[in-house]
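Keep in mind the model is a prediction, meaning the values are calculated, not measured.
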Amino acid sequence: MKPVDTQPSPTAAPLPEGIHTAFREVHGRRLHGFALLLTLGDRPEAARLAGRTLTAAARKVGELRHPERAAAWLRAHLLRNVRRVTRTDRPGPAGIRALADLGADASAVTALGILSTRERAALIAHDIERLDQRDVATILGTDGGGVERVIKRARSRYMDSFAAISAEEPADDGPLIAQIKTAAERALR
């Protein structure tokens, strides 16, 4: 993959006034949701990551016109800058409440905490946000075969963890859990 120059071209025409605002409106909310899930509901960290990523994107907004390619670039940038969450990290009560606003219950959030940051990013981007596999490859910085392995492993580990947690304490399924379950069941057939 060819690196993209982040410096504006001296001959490039200035962008229309509202383009940066429109870009933030199109991508800001979903990027923040991605960051919240990735950080297991750490609101301050998710806000910091999303804000810094959108600021970095402002310098490239002219190049990021295709919405899905821009979404992939934004998530890749955010993933490169996220504090690495270890597999032993568990979301606290504040994280569980933050993700409940996105439709996840405590079991789903705890199961996400079992995954590595990279696995979590792949699962969120592919199975929740429904980004194309090539966009997930961009996010992870890997090729098509590599991304398939990461997604499959993430689904399997998530489902195993979720099943174990659910067996201990059954919970009502929220919309996020239903999406993840459907995607995991479809993939594991």
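- Looking only at distances, a side-chain donor or acceptor of Arg157 sits under 3.5 Å from a matching main-chain atom of Ile114.
- Under the 4.5 Å side-chain criterion, counting only non-hydrogen atoms from C-beta, Ile139 is not in contact with Val147.
- For Val82 against Leu79, the heavy-atom pair with the smallest separation is CG1-O, 3.3 Å.
- For the pair Thr110 (side chain) and Ala106 (backbone), a donor-acceptor distance under 3.5 Å is present.
- Although no hydrogens or angles enter the test, the distance criterion places a donor-acceptor pair under 3.5 Å between the side chain of Arg75 and the main chain of Ala71.
- Closest approach of Trp73 and Thr53 over heavy atoms only: CZ3-O, 4.3 Å.
- Here the closest heavy-atom approach between residue Leu49 and residue Asn81 is recorded as CD2-O, 3.4 Å.
- One finds the CG atom of Leu37 at 8.0 Å from the CD atom of Glu129 (value rounded to the nearest 0.5 Å).
- Residues Leu54 and Leu31 form a side-chain contact, since some pair of their non-hydrogen atoms from C-beta on lies under 4.5 Å apart.
- The heavy-atom pair separating Ala98 from Gly41 by the smallest distance is CB-O, 3.5 Å.
- Of all non-hydrogen atoms in Phe162 and Ala108, the two that sit nearest each other are CE1-N, 3.7 Å.
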Checking side chain to side chain contact (heavy atoms under 4.5 Å, CB included) for the pair Asp101/Leu36: CA distance, chi angles, key distance, verdict?
CA-CA 10 Å; Asp101 293 344; Leu36 271 172; over 6 Å; no

Trace of the side chain to side chain contact (heavy atoms under 4.5 Å, CB included) decision for Leu123 with Leu115
CA-CA 9 Å; Leu123 189 69; Leu115 304 177; 3.8 Å; yes

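- The CG atom of Leu102 lies 10.0 Å from the CD1 atom of Ile124; values are rounded to the nearest 0.5 Å.
- Put simply, CZ on Arg43 and NE2 on His32 are 7.5 Å apart, with the number rounded to the nearest 0.5 Å.
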If you apply the rule side chain to side chain contact (heavy atoms under 4.5 Å, CB included), what do you find for Arg69 with Asp135, and how did you get there?
CA-CA 7 Å; Arg69 302 304 86 81; Asp135 294 321; 2.8 Å; yes

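- Here the side chains of Arg48 and Pro44 are not in contact, with every heavy-atom distance at 4.5 Å or above.
- No donor-acceptor pair closer than 3.5 Å links the side chain of Glu63 to the backbone N or O of Lys60.
- Between the Arg29 side chain and the Glu25 main chain, no donor and acceptor come within less than 3.5 Å of each other.
- Shown here for Arg130 and Asp127, the closest heavy-atom pair between the two residues is NH1-O, 3.8 Å.
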CA sep, side-chain torsions, deciding dist, call: Glu148, His126, side chain to side chain contact (heavy atoms under 4.5 Å, CB included):
CA-CA 10 Å; Glu148 285 179 37; His126 191 266; over 6 Å; no

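- Distance CG/Leu140 to CD/Gln133: 10.0 Å, rounded to 0.5 Å.
- Thr55 contributes a side-chain N or O that, together with a main-chain N or O of Gly51, makes up a donor-acceptor pair within less than 3.5 Å.
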